[in-house]
Protein chains: 2
Amino acid sequence: MSAREAGRPWRVLVIDDEPIMAAAHADFVARVPGFECVAVAGSGQEGLRELDAQSAAGTPVDLVLLDMNLPDLHGLDVARRIRGRGSTVDIIAITAVRDLAVVRTAVSAGITQYLIKPFTFAMFAAKLEGFDRFHSSLTAGAATQDSIDSAFAALRPQTSAALPKGLIRETLEQIADLLQSDAAAGRGSRSATEVAEALDMSRVTARRYLEHLSASGQAGRRPRHGTRGRPEFEYAWAAAD
Amino acid sequence: MSAREAGRPWRVLVIDDEPIMAAAHADFVARVPGFECVAVAGSGQEGLRELDAQSAAGTPVDLVLLDMNLPDLHGLDVARRIRGRGSTVDIIAITAVRDLAVVRTAVSAGITQYLIKPFTFAMFAAKLEGFDRFHSSLTAGAATQDSIDSAFAALRPQTSAALPKGLIRETLEQIADLLQSDAAAGRGSRSATEVAEALDMSRVTARRYLEHLSASGQAGRRPRHGTRGRPEFEYAWAAAD
DNA sequence: GCGCACGTGAACAGTATGAACTCAAGGAGT
DNA sequence: ACTCCTTGAGTTCATACTGTTCACGTGCGC
């Protein structure tokens, strides 16, 4: 049961400094039934003003989609200021930042969901629907441990994103993790053969997954020249955003 | 892998005005492996002081068990003040209050888990283990959407104690015990077929239960590469304890 | 005693893997 | 400048495990 079936849609504020991304997010919001994008802000300050303005107008925002990477304030600061004003509005972080400290801090600032760019519409919609289910579960009468548990369970990310056939989530994670830790350690890139050896799998398999990462823009691929023979391709984790 | 196996235990502060309840909670904490109750506070102010004192002493608190019903301050106010000081310590609400507004506000104050009195030790331990899994998942390298999703999943209750249909508690315990003793013996992981043979059941059944453990975050699953043919999955106990 | 609900496992279709192969691309030698 | 030669890219396919379906006990309620 969606709480919005019979009522007004959830009012969403998008905060993102890149107009193209902001528009894309607003468009995504509009495509999810029961949600409505009521405003777009291009900076943290503007977001806070917009939040106040909507409240003053008697149409408070229910949900904020907050980019972490803003020109004036860090997203975490925006979240803290929102809380500092006593607002309990829900916040979903949308960001390319992969820093674990940011994730932990976000959680402590009452950010209930965390979405890393790039993402598909399905992944996006899943977060919004989780928000909807969470609040729907909390509308009825008194709280029991069960009702609270099932409400919190709505915020639980469901094992997402259908992979193309022939790929296994765990294997993809292994390879993505390897590339990411390489990138974090400044280690440069690896060829399919090197990845295969490092993870104890065949070159064919490593290549299949690397090719997927490359095709989906998560990894870059360039030929390694200078040696004899056909040039080897080397793969590296794509820079965030 | 539990983060606490090789390091110090998680440091827990209990805030509850009733001495009997406070002592009971402290006792429960001590009974969960990897957790240690470092202080008990009988009021909100005392809790805040204790939090500061521990930080000043270089032994910051990792987790606060916070009663909502305190004599001096409401638990929500305590949480807000903790956040106001810039602390990102984790907070689990423990309360008899069944007010839904409190639950919603608690979430916005960065309270990640909510436990309603009265509760059993198993329910209590589940929350603490969720906290442990959340932080263990966030220790490694850079974040991916997958790693963040599985970390957040650790904070969300698997929909109540009711097992999914088709599963029986005794069988689940058998399999969980096997994986746990494997982990304790440093034996590495087992495939569904190996578990089935060890416990004299069919692979299909073993898989059903292993899949449940994996989906609920209690067990990890990785493909076993290197041989021809479709890879076998091997399961290993993941949760604390 | 009869039916109904439910957990189990045999059988089967589906699918990810790596060995072995062919093909492609660049440098080295003349 | 042309060919040779080296070396990895990309593909094919047998293979082994996965994931699902469905008929069969088994126990419980009526």
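No hydrogens, no waters, no symmetry mates; every other heavy atom, side chains included, goes into these values. Below, chain A is the first sequence line, B the second, and so on; all start at residue 1.
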Using the rule given for side-chain hydrogen bond (donor to acceptor under 3.5 Å, both in side chains), can you reason through Thr105(A) versus Ser108(A), listing the C-alpha separation, both sets of side-chain angles and the distance that settles it, and then say yes or no? CA-CA 5 Å; Thr105(A) 310; Ser108(A) 79; 5.5 Å; no
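- Between Arg224(B) atom CZ and dG18(C) atom P there is a gap of 14 Å when expressed in whole angstrom units.
- We find the CZ-CD1 distance between Phe131(B) and Ile92(B) to be 7.5 Å, quoted to the nearest 0.5 Å.
- Here salt bridge (charged side-chain N to carboxylate O under 4.0 Å, His left out) pairs that include residues 201-218 of chain A, with residues two or more places apart or in two chains, are Arg207(A)-Glu211(A), Glu211(A)-Arg221(A).
- Atom pair Glu170(A):CD and dT17(C):C1' shows a separation of 15 Å (rounding to whole Å applied).
- For the pair Arg208(A) CZ and dA16(C) P, the interatomic distance rounds to 9 Å; values are reported in whole Å.
- Taking atom CG of Leu210(A) as the reference point, atom P of dT17(C) lies 12 Å away to the nearest angstrom.
- Residue Arg221(A) is classed as a sugar-phosphate contact, given heavy-atom separations below 4.0 Å to backbone atoms only.
- Taking CE of Met68(A) as the reference point, atom OH of Tyr114(A) lies at 5.5 Å (rounded to 0.5 Å).
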Interface polar pairs with nucleotides 22-26 of chain C, N/O, under 3.5 angstrom:
residue : atom : partner   : partner atom : Å
dA24(C) : O4'  : Arg230(A) : NH1          : 3.1
dA25(C) : N3   : Arg230(A) : N            : 3.4

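- The aromatic rings of Phe134(B) and Phe152(B) sit perpendicular to each other, their planes meeting at more than 60°, with 30° as the lower class boundary.
- Between the side chains of Ser191(A) and Glu232(A), at least one donor N or O lies within less than 3.5 Å of an accepting N or O.
- Annotation: the span from Leu167(A) atom CG to Lys165(A) atom NZ amounts to 12.0 Å, rounded to 0.5 Å.
- Between His135(A) and Trp10(A), the angle of the ring planes lies from 30° to 60°, which puts this pair in the tilted group.
- Arg222(B) has its CZ atom 13 Å from the P atom of dT17(C), to the nearest Å.
- Distances shown here put every side-chain N or O of Tyr209(B) at or beyond 4.0 Å from the OP1 or OP2 atom of dG7(C).
- Arg222(B) forms no cation-pi arrangement with Phe233(B), by the criterion of a distance under 6.0 Å to the ring centre and an angle within 45° of the ring axis.
- Mapping heavy-atom proximity under 4.0 Å, the span of DNA chain D touched by chain B runs 5' to 3' from dA14(D) to dT20(D).
- The CD-C1' distance, from Glu232(B) to dT15(C), rounds to 15 Å in whole Å.
- Near-neighbour residues of DNA chain C inside residues 190-205 of chain B, defined by a heavy atom below 4.0 Å, number-ordered: Met201(B), Ser202(B), Val204(B), Thr205(B).
- Listed by chain and number, the residues in a salt bridge (charged side-chain N to carboxylate O under 4.0 Å, His left out) with Asp67(B) are Lys117(B) (sequence neighbours excluded).
- For the salt bridge (charged side-chain N to carboxylate O under 4.0 Å, His left out) test, residues two or more places apart in sequence or in another chain that qualify with Glu194(A) are Arg224(A).
- The CZ atom of Arg207(B) sits 16 Å away from the P atom of dA10(C) (whole-angstrom rounding).
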